[in-house]
**Student:** 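Structure incoming, see below.
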Amino acid sequence: MVANQCKIGSGQVGRYRQPTGRGIVFLALTLWACTRPAEKPQWVEVGAEAGVGMVVHSGSAEKRYIVECNTGGVALLDFDRDGDVDIFVPNGGDVERAAAAAPPRAALYRNDGNWRFTEVAAAVGVAHLGWGMGCTVADYNADGWLDLLLTSAGGVALYRNEGGRFTEVAAAAGLSDRGWSTGAAFGDFDGDGDLDLYLARYLRFDPLDLPPTDCTWLGLTVFCGPQGLEGESDRYFRNEGEARGWRFTDATREMGLIDDQYYGFGVLAIDIEEDGDLDLYVANDAGPNLLYRNDGGRFTEVGAAAGCAFSGDGRQQASMGIAAGDYDRDGDQDLLVTNFSHDHNTLYQNQGDGTFRDLSYATLIGRASLAQLGWGVGFFDWDHDGDEDLFVANGHVYPQVDGAEVGTRYAQANQLFENQGQGDFTEVGRLTGPGMAEVFSSRGSAVGDLDEDGDLDLVVVNIDERPSLLRNEGGNRRHWLKVILRGGGANPQAIGARVRLWSGGRWQERALRAGTGYLSQDDQRLHFGLGEAQRAERLVVRWPGGEEEEWRELPADQTVELAQGTAPQP
């Protein structure tokens, strides 16, 4: 069945929106899409009709201070265990003026099915008040309910899930950090079975001692920072497990992590060397990116030696978000890092020996991203053809660029790069429906099957606007398989597991992570496109700790739940 790519929200065909703060849908593009066959799956924006209406507030329209430009994470999680994916969105705040009668608060949208969402943050205890940044999801206390970590310009909040309602327990759990926290990743980094936490931090920002507002960039007067402002050191918290009440202990120095004071943003837990333990990759704004190699429970920083600290020509970049995936299907995890405008997003191809090669321009991603400022990012199989495509959310930090000829704009179109299957990408956003044509200053993004129809949808945060919900229409014309993992012990989600799937004569691989993209969380159900194949012939799970199990002959177009220790014996 061919999806109707002309259905825009309520189903009107060829509807034109006047330029407003919500953005622009270009009439010519919409009419063009409605007069040609749906050769590719199409994106339709359905947020308003679905009830996702919270505006992500982020200071003044002029963006006079750095804190006003980079909020914007989003998390997909099944907080109430009803089988579908809900949406959590942090909110920002104000710098110079007093809080309004209804100050910005975080929102949690409960998925009620059929693209209907209900806002329930206050009712369930997660209506966070404060300048939120990002969010990460993990069952840190192994009780079977997904907990929620929120980072902010004033520290972290840890919301413990108690049967579908939350209690904030950060201080009681030992997470007493009050700095400007950004990206976060949970994983069993020390090999003791429970989930530890790496917390990236950005810079020291005191609302009572504001930085100058008259710095320059390409001749424009803009806010100051991050360069010239004092950075914050990242922190590592070890989970002490059930015996000590699921408390965390700061073990940053003990684990060999450096006191970097860089400007940290995205964090990713990833097994770079395929040796069974989780390494850490950190994207830094205006500084070298860091790769912490895990040497049996203690880290060594090897980013420069591994070739992923700088661009391929040795330049320091201003990095935001990170995605990992096996885009070239050679069995290891490659990296994509989003960067500032007038620079390129960087694709690091894993060489299989713990080192990387910058292939940004060899794959055309480099040239296509020069005018953009990238944030949220994710590898996923948008069209179910069996390889991983790439989404990048874009938006500038300086509204002042719209009044000057500097080669970029404040509101920017997001980008979808189609994997051509030969190690190359083509940017196809303009061909994939009106939802991808809207322009905002976007930030975090998350990928997941929001309507349980088998293909992957997108949620994108736009500052000073409501989020975009991009429904995938037509991705499920090909076959698919969705995998839920059930681990044992103190890691029931199996965070850190790797799944390899053989179908149609080739392997695919996915990794299960807590912390993705730019300060965000993708749906933690692992999703595979199978193309025309009607089954997965083999599916191999490498569980945290190294044990491997294999399932065979799994029919397509279903969700399978695989529990550790239950694979059929060969």
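None of these values were measured; they are calculated from a predicted model.
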**Student:** Hey, is the main chain of Gly321 close enough, under 3.5 Å, to the side chain of Thr338 for a donor-acceptor pair?
**Tutor:**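 Pair found, side chain donor or acceptor close to backbone of Gly321.
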
**Student:** What heavy-atom pair brings Val56 and Pro90 nearest, and what distance separates the two atoms?
**Tutor:**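 That would be CG1-O, 4.3 Å.
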
**Student:** Does Arg525 pair with Glu561 as a salt bridge, N-O distance under 4.0 Å?
**Tutor:**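 No.
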
**Student:** Is any side-chain heavy atom of Ile272 closer than 4.5 Å to one of Arg293?
**Tutor:**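 No, side chains not in contact.
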
**Student:** Could you go through Phe186 and Leu149, starting from their C-alpha distance and side-chain angles, then the distance that decides it, and tell me whether this counts as side chain to side chain contact (heavy atoms under 4.5 Å, CB included)?
**Tutor:** CA-CA 10 Å; Phe186 284 96; Leu149 181 87; 4.0 Å; yes

**Student:** Could you grab the distance from atom OH of Tyr159 to atom SG of Cys135, nearest 0.5 Å is fine?
**Tutor:**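 The OH atom of Tyr159 sits 11.5 Å away from the SG atom of Cys135.
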
**Student:** Phe379 and Phe391: aromatic ring centres closer than 6.0 Å?
**Tutor:**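 When the ring centroids of Phe379 and Phe391 are compared, they turn out to be at least 6.0 Å apart.
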
**Student:** How close do Cys224 and Thr213 get, heavy atom to heavy atom, and via which atoms?
**Tutor:** SG-N, 4.2 Å

**Student:** Does the Glu549 side chain pair with the main chain of Val541, one donor and one acceptor, at a distance under 3.5 Å?
**Tutor:** no

**Student:** Among side-chain atoms of Thr167 and Glu162, is any donor-acceptor pair under 3.5 angstrom?
**Tutor:** yes

**Student:** Just say parallel, tilted or perpendicular for the rings of Phe79 and Phe166, cut-offs at 30° and 60°.
**Tutor:**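 Taking Phe166 first and then Phe79, their aromatic rings sit tilted (interplane angle of 30° to 60°).
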
**Student:** Hey, which of Thr182, Thr151, Asp285 is the one that makes side-chain hydrogen bond (donor to acceptor under 3.5 Å, both in side chains) with Tyr202?
**Tutor:**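 It is Asp285, the one option of Thr182, Thr151, Asp285 that forms the side-chain hydrogen bond (donor to acceptor under 3.5 Å, both in side chains) with Tyr202.
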
**Student:** Would you compute the distance between atom CZ of Phe356 and atom CG of Leu347 and round it to the nearest 0.5 angstrom?
**Tutor:**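 Between atom CZ of Phe356 and atom CG of Leu347 there are 10.5 Å.
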
**Student:** Does the side chain of Val302 come within less than 4.5 Å of Tyr292's, by heavy atoms?
**Tutor:** no

**Student:** Nearest heavy-atom pair of Asp523 and Gly448: which atoms, and what distance?
**Tutor:** CB-CA, 3.5 Å

**Student:** Could you check whether Tyr140 and Phe248 have their ring centres less than 6.0 Å apart?
**Tutor:**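 Yes.
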
**Student:** Are there more than 12 heavy atoms of other residues, nucleotides or ligands under 6.0 Å from atom CG of Asp206?
**Tutor:**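 Count over threshold, so yes.
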
**Student:** Given the side-chain rings of His396 and Trp217, with only the six-membered ring counted for Trp, is the space between their centroids under 6.0 Å?
**Tutor:** yes

**Student:** Taking 4.0 angstrom as the limit, do Glu274 and Arg498 come out as a salt bridge?
**Tutor:** yes

**Student:** Mind checking the CD1-CG spacing from Ile258 to Leu290? Nearest 0.5 Å is all I need.
**Tutor:** 5.0 Å

**Student:** Which one of Phe265, Tyr281, Phe310 satisfies the side-chain contact (heavy atoms from CB on, under 4.5 Å) criterion with Asn289?
**Tutor:**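 Checked Phe265, Tyr281, Phe310 against Asn289; only one passes side-chain contact (heavy atoms from CB on, under 4.5 Å): Tyr281.
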
**Student:** Please examine the side chains of Thr118 and Arg116, heavy atoms only from C-beta on, and report whether any two atoms are closer than 4.5 Å.
**Tutor:**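 Side chain of Arg116 against side chain of Thr118, heavy atoms only: no contact under 4.5 Å found.
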
**Student:** So, for Gly193 and Asn491, which heavy atoms are closest and what is the spacing to 0.1 Å?
**Tutor:**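 Taking Gly193 first and Asn491 second, the nearest heavy atoms are O-CB, 3.6 Å.
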
**Student:** Is Asp194 salt-bridged to Arg238, cutoff N-O under 4.0 Å?
**Tutor:** no

**Student:** Would you say Arg81 has more than 12 foreign heavy atoms packed within less than 6.0 Å of its CZ?
**Tutor:**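 Above 12, so yes.
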
**Student:** Would you say Asn462 and Ser468 are linked by a side-chain donor-acceptor pair, where the criterion is simply a distance under 3.5 Å?
**Tutor:**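 Their side chains do contain a donor-acceptor pair, which is all the 3.5 Å distance test asks for.
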
**Student:** Considering only NZ, NE, NH1 and NH2 on the basic side and carboxylate oxygens on the acidic side, decide whether Glu452 and Lys482 come within less than 4.0 Å.
**Tutor:**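 The answer is yes: the pair qualifies as a salt bridge.
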
**Student:** Determine whether Leu456 and Leu458 make a side-chain contact, defined as any pair of heavy atoms from C-beta on separated by less than 4.5 Å.
**Tutor:** no

**Student:** In Å, rounded to the nearest 0.5 Å, how long is the span from OG of Ser341 to CD of Gln412?
**Tutor:** 7.0 Å

**Student:** Within the side chain of Tyr109, is there an N or O that forms a donor-acceptor pair under 3.5 Å with the backbone of Ala50?
**Tutor:** no

**Student:** Can you check whether Leu146's main-chain N or O pairs, donor with acceptor, with Asn161's side chain at less than 3.5 Å?
**Tutor:** yes

**Student:** Between Asp343 and Gln317, do the side chains contain a donor N or O and an acceptor N or O under 3.5 Å apart?
**Tutor:** yes

**Student:** May I ask you to say whether Arg510 pairs ionically with Asp522, meaning some side-chain N is under 4.0 Å from a carboxylate O?
**Tutor:**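 Looking at Arg510 and Asp522, the cut-off is not met.
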
**Student:** Spell out, as yes or no, whether a donor-acceptor pair under 3.5 Å connects the side chain of Arg160 to the backbone of Glu168.
**Tutor:** no

**Student:** Would Arg204 and Trp180 count as a cation-pi pair here, with the cationic atom under 6.0 angstrom from the ring centre and within 45° of the axis?
**Tutor:**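 Geometry flag: not set, cation outside 6.0 Å or 45°.
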
**Student:** Taking the side chain as every heavy atom from C-beta outward, state whether Ile270 and Leu335 have any atom pair closer than 4.5 Å.
**Tutor:**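 Contact flag for Ile270/Leu335 side chains = yes.
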
**Student:** Sub-3.5 Å donor-acceptor pair from the side chain of Asn239 to the main-chain atoms of Leu195, do we have one?
**Tutor:** yes

**Student:** When rounded to the nearest 0.5 angstrom, what is the spacing between CG in Leu76 and CG in Asp86?
**Tutor:** 9.0 Å

**Student:** On a heavy-atom basis, which atom in Ala306 and which in Gly354 lie closest, and how many Å separate them?
**Tutor:**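 So the two residues come closest at CB-O, 3.5 Å.
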
**Student:** Can you find a pair of side-chain heavy atoms, one from Arg443 and one from Met320, that are under 4.5 Å apart?
**Tutor:**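 The answer is no, as the side chains (C-beta and beyond) never meet within the 4.5 Å cut-off.
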
**Student:** Strictly below 4.0 Å, N to O, side chains only: are Arg235 and Asp177 in salt-bridge contact?
**Tutor:**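 The answer is yes: the pair qualifies as a salt bridge.
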
**Student:** Could you tell me if Glu232 and Gln261 have a donor-acceptor pair between their side chains, going purely by distance under 3.5 Å?
**Tutor:**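 Gln261 vs Glu232: no donor-acceptor pair found between side chains.
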
**Student:** Starting from the C-alpha separation in whole Å, work towards a yes-or-no answer on salt bridge (Lys or Arg N to Asp or Glu O under 4.0 Å) for Glu45 and Arg466.
**Tutor:** CA-CA 12 Å; Glu45 208 290 311; Arg466 64 168 176 81; 3.1 Å; yes

**Student:** Glu68 side chain to Ser60 main-chain N or O, any donor-acceptor pair under 3.5 Å?
**Tutor:** yes

**Student:** Which one of Leu129, Asp94, Asn91 satisfies the side-chain contact (heavy atoms from CB on, under 4.5 Å) criterion with Pro103?
**Tutor:** Leu129

**Student:** Stepwise, does the side chain to side chain contact (heavy atoms under 4.5 Å, CB included) test hold for Asp449 with Val85?
**Tutor:** CA-CA 7 Å; Asp449 186 1; Val85 178; over 6 Å; no

**Student:** Could you please spell out the steps behind the side chain to side chain contact (heavy atoms under 4.5 Å, CB included) verdict for Ile322 and Val267?
**Tutor:** CA-CA 7 Å; Ile322 314 167; Val267 179; 5.7 Å; no

**Student:** May I have the step-by-step check of side chain to side chain contact (heavy atoms under 4.5 Å, CB included) for Val156 and Ser181, ending in yes or no?
**Tutor:** CA-CA 7 Å; Val156 299; Ser181 55; 3.5 Å; yes

**Student:** Without swapping roles, check the side chain of Lys63 against the backbone of Ser58 for a donor-acceptor pair under 3.5 Å.
**Tutor:** yes

**Student:** Rounded to the nearest 0.5 Å, how far apart are CG of Asp279 and CD of Gln333?
**Tutor:** 11.5 Å

**Student:** Within the side chain of Asn414, is there an N or O that forms a donor-acceptor pair under 3.5 Å with the backbone of Asn394?
**Tutor:**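 Such a contact is found between Asn414 side chain and Asn394 backbone.
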
**Student:** Indicate yes or no for a side-chain donor-acceptor contact from Asn294 to the backbone of Phe189 under 3.5 Å, with no hydrogens or angles considered.
**Tutor:**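 Yes; at least one donor-acceptor contact below 3.5 Å.
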
**Student:** Are side-chain heavy atoms of Asp234 and Tyr198 found at a separation under 4.5 Å?
**Tutor:**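 When only atoms from C-beta onward are counted, Tyr198 and Asp234 do touch, with a gap below 4.5 Å.
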
**Student:** Of the non-hydrogen atoms in Gly515 and Thr136, which two are nearest, and what is the gap between them?
**Tutor:** N-CG2, 3.5 Å

**Student:** Should we say atom CD of Glu242 is surrounded by more than 12 heavy atoms from elsewhere, each under 6.0 Å from it?
**Tutor:**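 No, the 6.0 Å shell around CD holds no more than 12 heavy atoms from other groups.
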
**Student:** Do Arg542 and Glu547 come close enough that some side-chain heavy atom pair is under 4.5 Å?
**Tutor:** no

